[in-house]
2 protein chains.
Amino acid sequence: MGNEEWVPLVHRVPDLGALELLLAVARLGSLSGAAKHMGITQPAASSRIRAMEARLGVALVDRSPRGSTLTAEGALVTDWARRVVEAAEAFDAGAQALRGRRDSRLRVAASMTIAEYLLPGWLIALRGQRPGTAVSLQAGNSALVARRVLAHDADLGFVEGLTVPDGLDSAVIAQDRLVVAVAPEHPWARRTKGVEAAELASTPLILRERGSGTRQVLDAALAGCGGLAAPLLELASTTAVKAAAVSGAGPCVLSELALGDELAARRLVQVPVTGAALGRALRAVWPAGSRPAGPARDLLSLTRVRS
Amino acid sequence: MGNEEWVPLVHRVPDLGALELLLAVARLGSLSGAAKHMGITQPAASSRIRAMEARLGVALVDRSPRGSTLTAEGALVTDWARRVVEAAEAFDAGAQALRGRRDSRLRVAASMTIAEYLLPGWLIALRGQRPGTAVSLQAGNSALVARRVLAHDADLGFVEGLTVPDGLDSAVIAQDRLVVAVAPEHPWARRTKGVEAAELASTPLILRERGSGTRQVLDAALAGCGGLAAPLLELASTTAVKAAAVSGAGPCVLSELALGDELAARRLVQVPVTGAALGRALRAVWPAGSRPAGPARDLLSLTRVRS
DNA sequence: ATGAGGCCATAAACTGACTTTATGGGTAAT
DNA sequence: ATTACCCATAAAGTCAGTTTATGGCCTCAT
């Protein structure tokens, strides 16, 4: 992250409106159609696409008197643009949930990992099938989630701990797994067989602070190996942990959900672990006895793992 | 994708500059520091953050005379913003590679799936460790990649077929897997045991067009089960296939790389397949005999799977 | 062929969001 | 107290993106 000569991204990447416009052009097959879809005029769309092509230095669309189609490069750029726009949609879904504080119809409480990585996608899906639903979101640790749900301050909760808090019914919605990851230069990156649980337990690691769900699972999994060594670093956020590991400080342990991007980009390399169960269930929870109904049931059915 | 009343995303999501600024505030702990980092003045940063808070309806930062820290909601929003910015960085890395046509130092040819989903991440990593390297990218099917590499029009190629084209050396860089996915309402979504290869082979599927690497692997894997039934739909792009499957047209088969987002958001549900090997190796290729050197070697070492 | 209806490009005037410049008030450490 | 951070506010400036207005090109149906 810490580059010397940093030119802000904004000057090199078209803005979200332009990317969205490009997607519309790809889908509708014409600039004027895309313009209408976006609520702007045709010359505006033409100018924006042209500006984008100039900035990227590549022709994106083939214009013809009966429509516009993507060039080969345009198709590739559009695919990358789609990922940006989808991330923006997830941002929007989360932000909308965060905004609707008291008065909304479905109130959700979720642990950090779930709120960060899974909920935005679910909310997009929920909006797709029940467009009217207003959702509010409260994020915090498992104890907070349990308290909210029990007090009926939330209609549905999502937790990632090992145990279900008392007074709540639950359903497993996904399996998460803790993953050990190191920078590509780290000796562990070249290990064929990964590491034994005992070696992992005796190695100083980069971890989330004590009390986080992640830390709790790791403690429990390595209890049989003499417990965890003193941490190398203890950081407050997932991102800080990743950044430290990427910079080569040492091995880190995080949810595979949180490590997806880093592993795909090879900024970090996964190290297999033998002899310890690092899996954990992600659960939806609700007050014992009362089965979720209405919007809560809709969301639950979107997330529930079938088995 | 086809909503009735469509308000463009731009009006609901802050622009990339604002998101980037928010990340800078989170990292540096002050508005003025973030402003300097972004090359704007402190009042501009203050105003932008304020505008973003007003738009989202949530306080994002706690301002104090000795710095600004994120609120709890701000931390969550920042994590979502980070995903948008990372997607934008991937866009930029890809776009830069696309722009540098003839004259650049490292010329890469890659198949569509790899160019879409993996290369941008690798290029970000490459830029991180060799900032000066200019990369150009050509995307196409395996045959085109092979031709480019053989003709020394590309220094390094990436293919996803079953076989390595003649005259090329290769290294496996990752394992990909074809995944069968259906809309959550589809009967297969509730199957406990997934589907048998024979049943898959006899079911009309939504597929990429013949000749794509994906299609080729699927044909080969199901050859033993009497071959593939006539496709339900045959579409030209990964995105079109996903859209058709999401809308409930039927089961689709795509790379797990392409399906990541849809599976996480539960727009599609994965169906396990028994009795067929749907894995495939993703390979880097280069002219036989000549081991990659210089920037090509750097990129290769970033992507290579350790084993 | 000829007119109608698509599509896209260009030019000029307009608008507003974001910016800088300029200033003031607050806290903490020397 | 002085210095050095931090942030907020107000007013003036700037530029990208917009609309309005127009024209050219192609295809299809009459």
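Proteins get letters first, then strands, A, B, ... in listed order; numbering begins at 1 in each. Scope of the values below: all heavy atoms of this structure, side chains included, with no hydrogens, waters or symmetry mates.
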Dump every N/O contact between nucleotides 18-23 of chain C and the protein below 3.5 Å, one line per pair.
residue: C:dT19; atom: OP1; partner: B:R48; partner atom: NH1; Å: 2.8
residue: C:dT20; atom: OP2; partner: B:T41; partner atom: N; Å: 2.9
residue: C:dT20; atom: OP2; partner: B:T41; partner atom: OG1; Å: 2.7

Assess, by modelled atom type and distance only, whether the side chains of A:R208 and A:T238 contain a donor and an acceptor separated by less than 3.5 Å. yes

Rounded interatomic separation in angstrom, taking CZ from A:R50 and C1' from C:dA11: 13 Å

I want to check something: taking the side chain as every heavy atom from C-beta on, are A:L56 and B:L98 in contact at a cut-off of under 4.5 Å? no

Where A:R107 and A:S136 come nearest, the two heavy atoms and their spacing: CG-OG, 3.3 Å

Can you tell me if B:R63 touches the phosphate of D:dC6, counting only side-chain N or O atoms and a distance under 4.0 Å to OP1 or OP2? no

Would a 4.5 Å heavy-atom cut-off, applied to side chains only, mark A:S111 and A:E116 as touching? no

Measuring only between side-chain heavy atoms, which start at C-beta, is A:V77 closer than 4.5 Å to B:F91? yes

Using whole Å, what does the distance between atom C1' of nucleotide C:dG5 and atom NZ of A:K36 come to? 12 Å

Secondary-structure stems, DNA chain D, at least 3 Watson-Crick or G-U base pairs under 3.5 Å: C:1-30 with D:1-30

note: A:D62, atom CG; D:dC25, atom C1'; distance rounded to Å ~ 16 Å

Apply side-chain hydrogen bond (donor to acceptor under 3.5 Å, both in side chains) to residues B:T239 and A:R82 and explain how you reach the verdict. CA-CA 10 Å; B:T239 311; A:R82 183 172 294 109; 2.9 Å; yes

Check step by step if side-chain contact (heavy atoms from CB on, under 4.5 Å) holds for A:L70 and A:D62. CA-CA 6 Å; A:L70 296 177; A:D62 271 332; over 6 Å; no

Figure out the NE2/C1' separation between B:H11 and D:dT18, and round it to whole Å. 11 Å

Value in whole Å for how far the P atom of D:dG17 lies from CG of A:L19: 12 Å

Under a 4.5 Å cut-off applied to non-hydrogen side-chain atoms, are A:M52 and A:R55 in contact? no

Could you state the CG-C1' distance from A:L21 to D:dA16, rounded to the nearest angstrom? 15 Å

Ion pair check, B:R99 and B:D92, cut-off under 4.0 Å: no

Is the phosphate of C:dA9 approached by A:S46 (side-chain N or O, under 4.0 Å from OP1 or OP2)? yes

Pairs under 3.5 angstrom, nitrogen or oxygen only, protein versus nucleotides 27-30 of chain C, please.
residue: C:dA28; atom: OP1; partner: B:R66; partner atom: NH1; Å: 3.1

For a 4.5 angstrom cut-off between non-hydrogen side-chain atoms, does A:L119 reach B:W80? no

Report yes if a side-chain nitrogen or oxygen of A:S64 is closer than 4.0 Å to either non-bridging phosphate oxygen (OP1 or OP2) of C:dC7; otherwise report no. no

How many angstroms lie between atom CZ of B:R147 and atom OG of B:S142, to the nearest 0.5 angstrom? 11.5 Å

Report the distance from atom CD1 of B:I49 to atom C1' of D:dC6, rounded to the nearest whole Å. 15 Å

